[in-house]
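Report on the following structure.
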Amino acid sequence: MASSKPSIPKGTRDFGPEQMVRRNFIFDTIREVFSRYGYQPIETPAMENLSTLLGKYGEEGDKLLFKILNSGDFIDKADSSVFKLGNSNAASLAICEKGLRYDLTVPFARFVVQYQNDIQFPFKRYQIQPVWRADRPQKGRYREFYQCDVDVIGSNSLLNEYELVLIINEVFERLKIHTVLKLNNRKILSGIAEVIGESDKLIDITVAIDKIDKIGIEAVNSELRERGVAEQAVQKLQPIISMTGTNAEKLIVIKDVLKSSEIGMKGVAELEELFGYIESVGGLSTKVEFDLSLARGLNYYTGAIFEVKAVDVQIGSICGGGRYDDLAGIFGLKNLSGVGVSFGADRIYDVMLQQELFPESLAASTKVMFVNFGEKEAVYCLKALNRLRAAGMSAELYPDSSKMKKQLDYCNKRNIHFAVIAGENEINANQLAVKNMVTGQQELISYDNLTEFIQHNI
RNA sequence: GUGGAUGUAGCUCAGUUGGUUAGAGCACCAGAUUGUGGAUCUGGGGGCCGUGGGUUCAAGUCCCAUCUUCCACCCCA
């Protein structure tokens with residue numbers, strides 16, 4: 001044994017057959033809903049040029065990017081002076097020009113700019129692919145995980161936001177996950193910062209009040225002070241962040257607070273319009289909540305902000321997104337507004353596993369297995385086997401003529417419903433013995449009746 | 001990136017104040033049963049005790065480092 005124990009990198013996972021069936025159930029469900037609303041699939045490479053990725057996720061985000069070492073004699077080609085500065089970040093840029101994608105939104109923006117002349121706007125696309133973050137792993141936090149993004153770019157209409165609400169509702173309804181959809185608007189947050197006289201502290205304010213559920217109002221206040229927000233402004237913020245009531249009641253309060261802020265009032269109007277669609281059409285099973293403390297960290301959101309939490313499971317958000325007015329602007333295409341959300345498939349999986357929400361029927365794939373007695377007997381089974389497959393039933397023949405005990409055991413382990421047994425007696429009578437592995441009952445039927453028999457007894 | 005816990009068979013875990021050859025259950029393989037599975041019984045294979053160093057006559061056990069996983073921050077799906 002020369003080699004050490006095999007392992008995979010920190011924060012990554014292998015997926016066995018049972019897990020894959022369940023993961024595919026999630027992906028298929030999400031894909032089907034996306035497609036139903038008219039979104040089209042795209043894919044982009046796992047790696048992007050670092051210039052595409054850097055600076056899009058803030059300083060923290062840049063640190064979490066996986067960088068890919070250049071090929072060849074990259075040391076010779078690099079400017080060696082950067083290595084002596086002791087700045088690993090600068091050094092890494094001298095020897096890396098590619099990185100693994102951090103999310104699907106930025107590559108999408110790049111895609112849109114690059115193919116702008118071939119794309120029909122408004123462009124509705126979905127994308128289901130893994131992303132990588134050099135984060136420290138925790139429960140529900142992986143270094144490689146799948147995002148399922150839906151975005152529409154090239155339309156300012158709030159009908160798009162409403163459509164995303166419908167999609168979120170339908171996905172979680174189908175997956176039977178009990179969720180709350182939290183809504184906010186970046187313009188309202190800007191308005192608040194403006195009204196309390198701390199416009200330049202917008203990010204600090206939002207980051208702090210985002211934690212209110214977790215650490216409480218007092219801790220939020222002290223964090224605000226630490227971040228340099230004036231005491232007077234902190235006091236002004238109190239009635240806003242501690243407000244309660246229905247969505248409509250909260251909107252009335254916030255409208256009054258923000259009446260002197262143009263941008264704030266714009267945000268209120270947007271949110272009112274969105275809630276207007278939601279309430280007048282109705283029919284949602286997901287609870288929708290106006291939550292002022294919802295302030296996603298991403299720098300590029302400019303309008304609506306979405307976040308979905310599972311009600312019964314303590315895990316981070318399982319879906320999130322928002323509107324970004326100028327994302328493509330970074331890549332040189334101006335005046336293109338987009339809005340989208342991203343479903344976190346891995347966390348959805350964790351929630352469904354914990355709540356036992358996966359359908360039983362996902363377990364088995366093969367329905368019928370033919371026991372192998374030997375070459376002659378196996379050949380006798382082949383035609384019946386093909387007939388089953390042609391009729392759309394997954395069936396297989398055990399490849400080796402092992403002991404029947406072993407073969408039937410294999411059926412059990414794989415949850416195969418029927419075992420077909422054909423030895424000398426059956427061959428002579430042109431029959432097949434079909435054993436139901438659940439009930440244990442066994443029946444002799446004529447060779448040509450197998451497909452029909454299975455169809456009727458499954 | 002900061003702080004804390006963790007690691008013994010494929011899995012879940014025992015393992016005394018440091019003291020012979022490190023155990024159990026489950027799983028796996030074989031047999032009881034040459035054409036009938038799940039149950040039972042019998043037997044069997046499996047371990048660099050995460051890795052590297054140190055203390056000691058003696059280390060799974062104590063010390064240091066490192067990695068993994070988990071937890072809390074930061075941030076996020």
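Hydrogens, waters and symmetry mates are skipped; everything else that's a heavy atom, side chains included, is used. The shown structure was predicted, so the numbers you read here are calculated from the model rather than taken from an experiment. First the proteins, then the strands, lettered A, B, ... as listed; each starts at 1.
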Which sits closer to the 5' end of RNA chain B, Lys139(A) or Phe145(A), going by the nucleotide each is nearest to? Lys139(A)
Let me spell it out: for each of Ile8(A) and Gly344(A), pick the nucleotide of RNA chain B with the closest heavy atom. Which residue's pick is nearer the 5' end? Ile8(A)
[N] versus [M] - spacing of their [atom1] atoms, nearest Å:
| N | M | atom1 | answer |
| --- | --- | --- | --- |
| rG53(B) | rA14(B) | C1' | 28 Å |
| rU56(B) | rG60(B) | C1' | 16 Å |
| rA58(B) | rU17(B) | C1' | 15 Å |
| rC49(B) | rC41(B) | P | 32 Å |
| rU34(B) | rG7(B) | C1' | 47 Å |
| rG43(B) | rC48(B) | C1' | 28 Å |
| rC29(B) | rG46(B) | C1' | 10 Å |
| rG4(B) | rC63(B) | P | 15 Å |

Would you say Phe373(A) stacks on rG35(B), if stacking means ring centres under 5.5 Å apart and planes within less than 30 degrees? no
Please report, rounded to the nearest Å, how far the [atom2] atom of [N] is from the [atom1] atom of [X].
| X | N | atom1 | atom2 | result |
| --- | --- | --- | --- | --- |
| Arg141(A) | rA72(B) | CZ | C1' | 11 Å |
| Phe370(A) | rG35(B) | CZ | C1' | 17 Å |
| Glu60(A) | rC76(B) | CD | C1' | 11 Å |
| Ile215(A) | rC74(B) | CD1 | P | 7 Å |
| Asp14(A) | rU68(B) | CG | C1' | 15 Å |
| Arg13(A) | rU69(B) | CZ | P | 11 Å |
| Gln138(A) | rG3(B) | CD | P | 15 Å |
| Ile30(A) | rA77(B) | CD1 | P | 15 Å |

For residues 418-446 of chain A, which residue pairs qualify under side chain to side chain donor-acceptor pair (under 3.5 Å), counting only residues two or more places apart or in two chains? Ser446(A)-Asn449(A)
Once you measure the plane-to-plane angle for Phe172(A) and Phe343(A), does it fall in the parallel (<30°), tilted (30-60°) or perpendicular (>60°) bin? tilted
Assign the ring pair Phe123(A) / Phe111(A) to parallel, tilted or perpendicular, where the plane angle (0 to 90°) is split at 30° and 60°. parallel
Taking only the side-chain heavy atoms of [X] (C-beta and beyond), determine which of [options] contains the nearest atom.
| X | options | answer |
| --- | --- | --- |
| Pro137(A) | rG37(B), rC75(B), rC70(B) | rC70(B) |
| Arg133(A) | rG35(B), rC76(B), rC75(B) | rC76(B) |
| Lys403(A) | rG31(B), rG37(B), rA30(B) | rG31(B) |

Classify [X] by what it touches in the nucleic acid, base, sugar-phosphate, or nothing, heavy-atom distance under 4.0 Å.
| X | result |
| --- | --- |
| Gly61(A) | nothing |
| Gly316(A) | nothing |
| Cys148(A) | nothing |
| Gly321(A) | nothing |
| Lys309(A) | nothing |
| Ile421(A) | base |
| Gln407(A) | nothing |
| Tyr142(A) | base |

With no angle test and no hydrogens, is the base of [N] tied to the side chain of [X] by a donor-acceptor pair under 3.5 Å?
| X | N | value |
| --- | --- | --- |
| Glu426(A) | rG35(B) | yes |
| Lys10(A) | rU68(B) | no |
| Asp409(A) | rG37(B) | no |
| Arg136(A) | rU69(B) | no |
| Gln442(A) | rU36(B) | yes |

State yes or no: are the ring centers of [X] and [Y] separated by less than 6.0 Å?
| X | Y | result |
| --- | --- | --- |
| Tyr349(A) | Phe358(A) | yes |
| Tyr410(A) | Tyr398(A) | yes |
| Phe34(A) | Phe27(A) | no |

Does Arg133(A) count as lying over the ring of Phe66(A), i.e. NZ or CZ under 6.0 Å from the six-ring centre, within 45 degrees of the axis? no
Which one is paired to [N], where only Watson-Crick or G-U wobble pairs with both distances under 3.5 angstrom count?
| N | result |
| --- | --- |
| rU12(B) | rA24(B) |
| rU56(B) | none |
| rU2(B) | rA72(B) |
| rA30(B) | rU42(B) |
| rA65(B) | rU51(B) |

Could you tell me whether the side chains of Tyr142(A) and Asp350(A) share a donor-acceptor contact shorter than 3.5 Å? yes
Pairs touching residues 158-167 of chain A that satisfy salt bridge (charged side-chain N to carboxylate O under 4.0 Å, His left out), sequence neighbours left out: Lys124(A)-Glu163(A), Glu161(A)-Arg323(A)
rC29(B) phosphate, OP1 or OP2: any side-chain N/O from Lys406(A) under 4.0 angstrom? no
